[in-house]
Amino acid sequence: MKYNTKETFKIYIQHAKKVKGLVFVIFLCSLFATILGDLITPLFYKHFFDTLIKDVSFDVKKALLIGILFKILFLSLITRGLWALGDFLSSKSLIVIMRDIFQSCFEYTHKHAINFFNNNFVGSLVKQVNRFAWAFSHLWNTFFWDFIPLVIAIVGICIVLSTQNLLLAGIIFLWILILCVSTFFYSRVKLPLDVALSASDSEISGRLADSFTNHENVKFLNGFVLESKSFWNTTTKWHDRAKKSWYFDAWFRVFQGGMLVGLQIGILYFAILLWEKGVFTVGDFALIQAYFVTLSFKIWELKHIIRSYYEQTANAEEMTKILLTPHEIEDKRKAEALSVTDRRIIFKNASFAYHKTRKIINKLNLEIHPHERIALVGHSGAGKSTIVKLLMRQYELTSGKIFIDDQSIDNVTQESLWASMSLVPQDPILFHRTLIENIRYGRPEASDEEVIEAARLAHAHEFISEFPEGYDTYVGERGVKLSGGERQRVAIARAILRNAPILILDEATSSLDSESESLIQDALDNLMKEKTVIVIAHRLSTIMKMDRILVLEKGTVVEEGTHKSLLRKKNGIYKGLWTLQAGGFID
Ligand SMILES: Nc1ncnc2c1ncn2[C@@H]1O[C@H](COP(=O)(O)OP(=O)(O)OP(=O)(O)O)[C@@H](O)[C@H]1O
Ligand SMILES: [Mg+2]
């Protein structure tokens, strides 16, 4: 599998560049804080202990020691100050960059075409955006507060010690190298174990969600024992993987601990030899002990650094792919806004297929005249909704063209194309916001009075007024707290408010009972005035009054005419449907 780690970093760096001045200062803070705190301060401890055993009078010694103490205090204060400054600047930059990352992921993802959303779970997209932003934060913190101090400490300590004794510095360096390399390989081996474990984690979450969502099926179809057994199998898989990963981790900690003990005893023994030769002082013992503590802390952290690198780049991977995927449908470079004058729509030899194996729309030729109200009729799956989607350029035609007032829809901006239409979709989805916000979404600048008037016309006002919180009622995720018919009425109110020149009703009243439908029909008739209208309906009684009815089969128009003229056709498809329905439904 090809990872896009390089691209992930390119994107991150692009964002970080916006605060590059701050990034440089943070880098300096981390660098100098490590040098002062971990490398230079221990030198003063060495000096302190050497002074302690100096052959001078007690008073002089005391004054000298207090002098050193003040120097250590001064250094510590500067070190702490640098850490604090770095910390503050890091937070300041991080929140700006993360907001930037969130926003650009949100905007880029939104601009993908409908097909992209059909192929990706919304829940998973939400997770990817979050993971991408937080991965940056983890990598950022690891880099500035773990990685830089580790490198500086190792290099610095080896340099300082080499001025004292080259062999000692060499041994320590070699030992650290072995530890670093083994930690690196450990992390490489551990990674697939962690990936497998996290897949098991997700599987548990997925099973839990699927089973709880289906709690009614589990109860009423007596599936509890089956569910419980299958959940046990899932958790057992997790158990086996966790065992491998966690045990491996525990064994490595034993190895790492052993190596560090070896290093500590080794350097102390070496120090004794040097002391024997008179090269090493008591202060040197204090120095190497302080350095050892620093090194062991930092090396212990090394595996977290490597792990964090792999884990976080893996976390960012999916979103990176999304950000690297070009938008499926984009405005042409010089696209202009659609200018709607007459409201004429023309499909010219339009063909379309979701998959190569099956053409849905086949050389469709259709002219919808200005202010004409047409109805599309046909069996379920005939391609009626697809025609609407093509008109809205949610998919590109495989061949042919669609024109609105002589402008090809692929030559105009998508924003202006959508602004020219009001759509009441087959299954309206609402925002988890209040009813008033949902209706107003059709025209954000509309006043409260206009919203309420639209709701009245759509006969939504009646049920909205009965909610304790009226128009301020939250409708639940996707609008689940409303019935199908109520959701449709909200969508109709939204379309009434939007009042765009082209109106599309895709089964807009299918969830309503006949009585509510006939009430709304008046509002819809009003709404249709002066507009070019496309209505899709299975209930033929709702389209009788249309100017023209088109019967669709296998992606082309097979019959067209008014209700009356179509009924006059002998053996006509529409006639057949009408007889079957006797004013009812077709399916
Ligand atoms: N996103 C998609 N990917 C693949 N195939 C699709 C997609 N959307 C629709 N189809 C297929 O295209 C065909 C036409 O679908 P469309 O929704 O246009 O039918 P329709 O005439 O509106 O039917 P209905 O009356 O049931 O709403 C169907 O067979 C459907 O399975
Ligand atoms: Mg449909």
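Whatever order the structure lists them in is the order used to number ligands and atoms, beginning at 1.
- Of all heavy-atom pairs spanning Ser422 and Asn499, the tightest one is OG-N, 3.9 Å.
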### Task
Apply ring-ring contact (aromatic ring centres under 6.0 Å, His included) to Phe463 and His459, showing your working.
CA-CA 8 Å; Phe463 78 83; His459 290 272; over 10 Å; no

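- Applying the ring-ring contact (aromatic ring centres under 6.0 Å, His included) test to Phe136 and every residue at least two apart in sequence or in another chain returns Tyr12, Trp140.
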### Intermediate values then yes/no, side-chain hydrogen bond (donor to acceptor under 3.5 Å, both in side chains), Arg207 and Ser230
CA-CA 9 Å; Arg207 274 243 149 236; Ser230 125; 3.0 Å; yes

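- Judged purely by distance below 3.5 Å, without hydrogens or angles, the side chains of Tyr354 and Thr386 pair a donor atom with an acceptor atom.
- Protein residues with a heavy atom closer than 4.0 Å to ligand 1 are Asn118, Tyr354, His355, Arg358, Ile360, His379, Ser380, Gly381, Ala382, Gly383, Lys384, Ser385, Thr386, Tyr395, Gln426, His538, listed by chain and number.
- Remark: Asp210 engages no residue in a salt bridge (charged side-chain N to carboxylate O under 4.0 Å, His left out) (not counting sequence neighbours).
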### Task
Starting from the C-alpha separation in whole Å, work towards a yes-or-no answer on side-chain hydrogen bond (donor to acceptor under 3.5 Å, both in side chains) for Glu328 and Asn115.
CA-CA 8 Å; Glu328 298 75 4; Asn115 208 25; over 6 Å; no

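- Between Arg344 and Asp405 there is no salt bridge, since no side-chain N of the basic residue sits under 4.0 Å from a carboxylate O of the acidic one.
- With salt bridges taken as basic N to acidic carboxylate O contacts below 4.0 Å, one links Arg487 and Asp427.
- The Mg ion (ligand 2) has Ser385 OG, Gln426 OE1 as protein N, O or S atoms under 2.8 Å away.
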